[in-house]
Trainee: 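One structure is given below, represented as structure tokens, and several questions about it will come after.
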Amino acid sequence: MKKGVSFLVAVALMALASSLAAAFDPSPLQDTCVAIPEPKNAVFVNGKFCKNPNLTVAEDFFFQGLNIPGNTANLVGSNVNTVNVDAIPGLNTLGISLVRIDYAPYGQNPPHTHPRATEILTVLEGTLLVGFVTSNPQNRLISKVLNKGDVFVFPIGLIHFQFNIGHINAVAIAGLNSQNPGVITIANAVFGSNPPINPDFLARAFQLDKKVVKYLQARF
């Protein structure tokens, strides 16, 4: 193989390895790494300080209250109760988290994305219209109506949503393959950034009148 070709292959392999390494939570190299808020007698792993494994207790792996309905009296009519590494310190380095989502009638979990996780959602009560949009240039909407017991997957990084199309409250549980999946709500990020994005830029990007952009920025 020529030197130039081998160099390009090596660079490509390194780029692939780097992208794979950065895409997901790293695999743990120990049984537990319970997150603690201060570094005294601790080891820093995966963004958290780890408690001495000999001092871990059951409460480090425990969360209570996911049976309690969330308050949906807000503009979007939904509430997300997140159980991640901040709620269960024992999740640190384990690459998994959980959310409970409550929806008022016609409430929604507006378009958003999780930059570090794929999500698998199960409907416990009610009827949801869910979907995600594929990346450019196709931008295909993949959507389905879910009823109690149905399961749907939202691939990592893709914009997705849920909408309660029923007359009663709806509840869903979702698992995510990251201890801290993150969430970017599209409207909040674009129109509610701090400091605000230049409205002239947004007006052209979204093909809107500048007054409409300023109105939306004031809302978020």
Trainee: Please report whether the ring centroid of Phe191 lies less than 6.0 Å from that of Phe206.
Mentor: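 Yes - the distance between ring centres of Phe206 and Phe191 falls below the 6.0 Å cut-off.
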Trainee: Hydrophobic clusters here meaning ILVMFWY residues chained together by side-chain heavy-atom distances under 4.5 Å, can you tell me if Leu129 and Val133 are in one?
Mentor: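 Yes, one cluster joins them.
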Trainee: Give me the one residue out of Leu216, Val213, Leu208, Asp209 that meets side chain to side chain contact (heavy atoms under 4.5 Å, CB included) with Pro199.
Mentor: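 Single side chain to side chain contact (heavy atoms under 4.5 Å, CB included) partner of Pro199 among Leu216, Val213, Leu208, Asp209: Val213.
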Trainee: Would you give the length of the straight line joining atom CG of Asn188 to atom CG of Asn194, rounded to the nearest 0.5 angstrom?
Mentor: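 The CG atom of Asn188 sits 12.5 Å away from the CG atom of Asn194.
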Trainee: Would a 4.5 Å heavy-atom cut-off, applied to side chains only, mark Val183 and Thr113 as touching?
Mentor: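 The answer is no, as the side chains (C-beta and beyond) never meet within the 4.5 Å cut-off.
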Trainee: OG1 of Thr122 to CG of Leu124: how many Å apart, nearest 0.5 Å?
Mentor: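 Going from OG1 on Thr122 over to CG on Leu124, the span is 7.0 Å.
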Trainee: Could you give the distance from CD (Glu119) to NE2 (His112), rounded to the nearest 0.5 Å?
Mentor: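 Atom-to-atom, Glu119:CD and His112:NE2 are 5.5 Å apart.
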Trainee: Please determine, by modelled atom types, if Asn136 and Asn139 share a side-chain donor-acceptor pair under 3.5 angstrom.
Mentor: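 On atom types as modelled, these side chains qualify, holding a pair under 3.5 Å.
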Trainee: Against Gln179, only a single residue in Asp86, Asn92, Asn84 fulfils side chain to side chain donor-acceptor pair (under 3.5 Å); can you say which?
Mentor: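 That would be Asn92.
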Trainee: What's the shortest heavy-atom distance between Ile101 and Gln162, and which atoms?
Mentor: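 Closest approach of Ile101 to Gln162: CD1-OE1, 3.6 Å.
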Trainee: Please round to the nearest 0.5 Å and tell me the distance separating atom CD1 of Ile165 and atom CG of Leu128.
Mentor: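 Interatomic distance, Ile165 CD1 to Leu128 CG, rounded to 0.5 Å: 8.0 Å.
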Trainee: Closer than 4.0 angstrom, basic N to acidic O: yes or no for Asp150 and Lys148?
Mentor: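 So Asp150 does not pair with Lys148 through a salt bridge.
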Trainee: Let me confirm one number: the OG-NE2 distance from Ser97 to His114, rounded to the nearest 0.5 Å.
Mentor: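 The distance works out to 8.5 Å.
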Trainee: Looking at Thr134 and Ile142, what are the two nearest heavy atoms and their distance?
Mentor: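 Where Thr134 meets Ile142 most closely, the heavy atoms are CG2-CG1, 4.2 Å.
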Trainee: Heavy-atom distance under 4.5 Å between the side chains of His160 and Pro155, does that happen here?
Mentor: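 With C-beta onward as the side chain, the pair stays apart.
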Trainee: Would you indicate whether the side-chain heavy atoms of Leu98 and Ile173 approach each other to under 4.5 Å?
Mentor: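 Of all side-chain heavy-atom pairs linking Leu98 with Ile173, at least one is under 4.5 Å.
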Trainee: Other residues, nucleotides and ligands only: do more than 12 of their heavy atoms fall within 6.0 Å of CZ on Phe220?
Mentor: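 Buried by this count: over 12 neighbours within 6.0 Å.
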Trainee: Starting at CG of Leu121, measure out to CG of Leu146 and round the result to the nearest 0.5 Å.
Mentor: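 Output value for this atom pair is 7.0 Å.
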Trainee: Quick one: does any side-chain atom of Asp60 pair with a main-chain N or O of Val57 as donor and acceptor, under 3.5 Å?
Mentor: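 Judged by distance alone, yes, a pair lies under 3.5 Å.
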Trainee: I need the minimum non-hydrogen distance between Gly126 and Ala170, along with the two atoms involved.
Mentor: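 Shortest heavy-atom contact: CA-CB, 4.0 Å.
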Trainee: Any non-hydrogen side-chain atom of Tyr106 less than 4.5 Å from a side-chain atom of His167?
Mentor: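 Yes, at least one pair of side-chain atoms sits under 4.5 Å.
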Trainee: So, Asn79 and Thr72: side-chain donor and acceptor under 3.5 Å apart, yes or no?
Mentor: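 No - no donor-acceptor pair under 3.5 Å links their side chains.
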Trainee: State, to 0.1 Å, how close Asn198 and Asp200 come at their nearest heavy-atom pair, and which atoms those are.
Mentor: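 In this case the closest contact between Asn198 and Asp200 is OD1-N, 2.7 Å.
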Trainee: Kindly indicate, with the supporting measurements, whether the criterion side chain to side chain contact (heavy atoms under 4.5 Å, CB included) is fulfilled by Val145 and Thr127.
Mentor: CA-CA 7 Å; Val145 173; Thr127 302; 3.5 Å; yes
Trainee: Start with the C-alpha gap between Asn81 and Leu66, add the side-chain angles, then the distance that decides, and say whether side chain to side chain contact (heavy atoms under 4.5 Å, CB included) holds.
Mentor: CA-CA 8 Å; Asn81 190 354; Leu66 208 61; 3.9 Å; yes
Trainee: Could you check whether atom CG of Leu75 has more than 12 heavy atoms from other residues, nucleotides or ligands sitting under 6.0 Å from it?
Mentor: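 Not buried by this count: 12 neighbours or fewer within 6.0 Å.
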Trainee: Mind running side chain to side chain contact (heavy atoms under 4.5 Å, CB included) on Phe201 and Ile197 for me, showing each step along the way?
Mentor: CA-CA 7 Å; Phe201 170 79; Ile197 300 173; 3.7 Å; yes
Trainee: If only side-chain N and O atoms count, and only distance matters, is there a donor-acceptor pair under 3.5 Å linking Gln108 with Tyr103?
Mentor: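 The criterion, which ignores hydrogens and geometry beyond distance, is not satisfied for Gln108 and Tyr103.
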Trainee: Shortest non-hydrogen contact from Ser178 to Ala117?
Mentor: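 Minimum heavy-atom contact is CB-CB, 3.8 Å.
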Trainee: Give the minimum heavy-atom separation between Thr118 and Asn177, together with the two atoms involved.
Mentor: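 That closest heavy-atom pairing would be N-OD1, 2.7 Å.
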Trainee: Name the orientation class of the two ring planes belonging to Phe152 and Phe132 (parallel below 30°, tilted from 30 to 60°, perpendicular beyond 60°).
Mentor: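 Answer is tilted, since the angle falls between 30° and 60°.
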Trainee: Within a strict 4.5 Å, meaning less than it, do heavy atoms of the Asn147 and Val123 side chains meet?
Mentor: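 Result no, sub-4.5 Å side-chain heavy-atom pair not found.
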Trainee: Can you confirm whether Val80 sits close enough to Asn109 that some side-chain heavy atom of one is under 4.5 Å from a side-chain heavy atom of the other?
Mentor: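 Contact flag for Val80/Asn109 side chains = yes.
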Trainee: Using modelled atom types and a 3.5 Å cut-off, is there a donor and acceptor pairing between side-chain atoms of Arg116 and backbone atoms of Asn180?
Mentor: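 Checked: pair present.
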